[in-house]
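Scope of the values below: all heavy atoms of this structure, side chains included, with no hydrogens, waters or symmetry mates. Since the structure is predicted, the reported quantities are computational estimates derived from the model, not experimental observations. For the single chain, residues carry numbers from 1 onward in sequence order.
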Amino acid sequence: MAIVYRTVMEGRPMRSTRYADEIASADEGGARIERLRIRATGADEIRFSWWKDGRFQARPLDLPEDDLLRLLRKAIDEGVFSEVFVGNLRRMLGAGAEAIPEHSMVRLSSSLALKDGRRLPEGARGAVVFVHGDGEAYEVEFVEPFHAVATVPAPSVSRIAAA
């Protein structure tokens with residue numbers, strides 16, 4: 001089966017309806033995973049769907065496991081799922097279940113809003129100063145772009161080599 005990738009072009013949704021805007025999708029032979037922005041709520045949601053000849057089919061998506069895995073891999077590669085979701089999924093499946101040790105250097109995988117209203121940007125680097133539980137979250141001390149100590153969920157950080 002051929003894999004088709006589609007993403008938002010120039011900030012515009014790929015497809016719009018009264019219900020939602022399609023933000024990203026991965027397609028394999030009409031089986032599709034889509035990221036939708038729901039108009040009524042503004043929330044992003046994931047839809048698994050069937051399409052035939054460019055038309056939505058009102059039936060559930062049912063696939064052999066191998067085809068579903070290929071479609072999921074493509075959806076991850078194309079950004080249909082958020083980095084936080086992918087991190088949580090990896091953690092749930094055991095990949096990366098090891099906690100990052102204290103004093104390790106980490107990088108934010110997405111921006112982080114702080115309680116005081118400031119925001120640390122994606123890519124901000126810091127040092128782990130405390131590990132919560134079995135690595136569910138970390139206290140991280142950041143120096144750039146400003147000094148801050150923040151609690152960061154595990155899926156929002158990745159370990160990097162010390163500079």
Side-chain angles (χ1 to χ4, degrees), residues 1 3-14 20-28 31-38 41-48 61 63-163:
M1 290 185 184
I3 303 291
V4 178
Y5 308 104
R6 301 181 328 155
T7 57
V8 174
M9 305 286 269
E10 299 173 11
R12 294 184 313 234
M14 300 172 336
D21 292 329
E22 184 178 330
I23 306 303
S25 72
D27 184 288
E28 182 171 342
R32 190 179 292 178
I33 301 175
E34 305 161 294
R35 174 173 284 280
L36 304 176
R37 181 149 304 129
I38 308 305
T41 63
D44 284 6
E45 294 183 359
I46 303 299
R47 175 169 65 190
F48 291 75
L61 174 65
L63 293 172
E65 286 181 341
D66 288 344
D67 291 347
L68 179 59
L69 284 173
R70 275 194 301 278
L71 183 58
L72 286 169
R73 173 80 263 161
K74 298 306 176 185
I76 289 168
D77 292 345
E78 291 303 309
V80 174
F81 300 114
S82 70
E83 288 185 29
V84 170
F85 175 84
V86 172
N88 283 332
L89 183 60
R90 285 187 174 128
R91 186 169 170 71
M92 183 179 75
L93 295 173
E98 294 255 336
I100 299 171
E102 286 185 6
H103 310 293
S104 296
M105 295 300 296
V106 294
R107 173 183 297 128
L108 285 177
S109 58
S110 60
S111 66
L112 180 70
L114 302 177
K115 291 179 182 177
D116 64 7
R118 296 180 296 171
R119 180 172 287 280
L120 286 164
E122 178 181 338
R125 297 175 184 215
V128 174
V129 295
F130 182 77
V131 179
H132 291 272
D134 291 327
E136 294 88 23
Y138 302 94
E139 288 298 309
V140 180
E141 184 172 11
F142 297 91
V143 178
E144 296 290 333
F146 50 82
H147 182 264
V149 176
T151 303
V152 184
S156 298
V157 295
S158 59
R159 189 173 181 186
I160 57 174

> Please round to the nearest 0.5 Å and tell me the distance separating atom CD of Glu141 and atom CZ of Phe130.
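Nearest 0.5 Å value for the CD-CZ distance: 15.0 Å.
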> Under the side-chain contact (heavy atoms from CB on, under 4.5 Å) criterion, do Arg32 and Glu22 qualify, and how do the steps go?
CA-CA 12 Å; Arg32 190 179 292 178; Glu22 184 178 330; 4.1 Å; yes
> Restricting to non-hydrogen atoms, name the atom on Gly79 and the atom on Ala24 that form the minimum distance, rounded to 0.1 Å.
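Smallest heavy-atom distance, with atoms named: O-CB, 4.3 Å.
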> What are the two closest non-hydrogen atoms of Ala26 and Leu71, and how far apart are they?
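Scanning both residues completely, I find the closest heavy atoms to be O-CD1, 3.5 Å.
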> Grab the two heavy atoms, one from Gly135 and one from Ala99, that are nearest each other, plus how far apart they are.
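Of all heavy-atom pairs spanning Gly135 and Ala99, the closest is CA-CB, 3.8 Å.
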> Of Asp44, Ile23, Ile33, which meets side-chain contact (heavy atoms from CB on, under 4.5 Å) against Val80?
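Result: among Asp44, Ile23, Ile33, Ile33 is the only option passing the side-chain contact (heavy atoms from CB on, under 4.5 Å) with Val80.
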> Glu139: which residues meet the side-chain hydrogen bond (donor to acceptor under 3.5 Å, both in side chains) condition with it, sequence neighbours left out?
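If we apply the side-chain hydrogen bond (donor to acceptor under 3.5 Å, both in side chains) test to Glu139, skipping adjacent residues, the hits are His132, Thr151.
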> Using the side-chain contact (heavy atoms from CB on, under 4.5 Å) rule, take Val140 and Val149 through it: C-alpha gap first, then chi angles, then the decisive distance, then the call.
CA-CA 6 Å; Val140 180; Val149 176; over 6 Å; no
> List the atom of Ser109, the atom of Val157, and the distance in Å for their closest heavy-atom pair.
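In this case the closest contact between Ser109 and Val157 is OG-N, 4.2 Å.
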> Do Ile160 and Arg125 have side-chain heavy atoms sitting under 4.5 Å apart?
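They are in side-chain contact.
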> According to ring pair (Phe, Tyr, Trp, His ring centres under 6.0 Å), who are the partners of Phe81, at least two apart in sequence or on a separate chain?
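Phe81 satisfies ring pair (Phe, Tyr, Trp, His ring centres under 6.0 Å) with Phe85 once adjacent residues are dropped.
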> Taking NZ, NE, NH1 and NH2 as the nitrogens, is one of them in Glu28 or Arg70 under 4.0 Å from a carboxylate oxygen of the other?
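Result for this pair is yes, salt bridge flagged.
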> Quick one: side-chain hydrogen bond (donor to acceptor under 3.5 Å, both in side chains) partners of Asp66, sequence neighbours excluded?
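By the side-chain hydrogen bond (donor to acceptor under 3.5 Å, both in side chains) rule, Asp66 matches no residue at all.
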> Checking side-chain contact (heavy atoms from CB on, under 4.5 Å) for the pair Arg35/Ser82: CA distance, chi angles, key distance, verdict?
CA-CA 9 Å; Arg35 174 173 284 280; Ser82 70; 3.8 Å; yes
> How many angstroms lie between CZ in Phe48 and CG in Leu72, if you round to the nearest 0.5 Å?
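Phe48 CZ to Leu72 CG: 5.5 Å, rounded to 0.5 Å.
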> Take a 6.0 Å sphere around NE2 of His147 and say whether it holds more than 12 heavy atoms from other residues, nucleotides or ligands.
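Yes, the 6.0 Å shell around NE2 holds more than 12 heavy atoms from other groups.
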> Inspect the contact between Asp21 and Arg37 and indicate whether a charged nitrogen and a carboxylate oxygen are less than 4.0 angstrom apart.
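Salt bridge absent between Arg37 and Asp21.
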> Please table the atom pairs, donor to acceptor, closer than 3.5 Å between any side-chain atom in residues 117-124 and protein atoms at least two apart or in another chain.
from: Arg118; atom 1: NE; to: Asp116; atom 2: OD1; distance (Å): 3.4
from: Arg118; atom 1: NE; to: Asp116; atom 2: OD2; distance (Å): 2.8
from: Arg118; atom 1: NH2; to: Asp116; atom 2: OD2; distance (Å): 2.9
from: Arg119; atom 1: NH1; to: Ser111; atom 2: OG; distance (Å): 3.0

> List in chain and number order the residues that pass salt bridge (Lys or Arg N to Asp or Glu O under 4.0 Å) with Arg107, two or more places apart in sequence or in another chain; answer none if no residue qualifies.
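Expected list: none.
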> May I have the step-by-step check of side-chain contact (heavy atoms from CB on, under 4.5 Å) for Ser156 and Val84, ending in yes or no?
CA-CA 6 Å; Ser156 298; Val84 170; 3.8 Å; yes
> Considering residues at least two apart in sequence or located in another chain, which fulfil the salt bridge (Lys or Arg N to Asp or Glu O under 4.0 Å) criterion with Arg73?
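Arg73 satisfies salt bridge (Lys or Arg N to Asp or Glu O under 4.0 Å) with Asp77 only.
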> Would you call Ile100 and Val131 a side-chain contact if the rule is heavy atoms closer than 4.5 Å?
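No. Closest side-chain heavy atoms not under 4.5 Å.
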> Please round to the nearest 0.5 Å and tell me the distance separating atom OG of Ser158 and atom CG of Leu108.
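It comes to 8.5 Å.
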> Taking atom CZ of Arg47 and atom CG of Leu36, what is their separation to the nearest 0.5 Å?
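CG of Leu36 is found 4.5 Å from CZ of Arg47.
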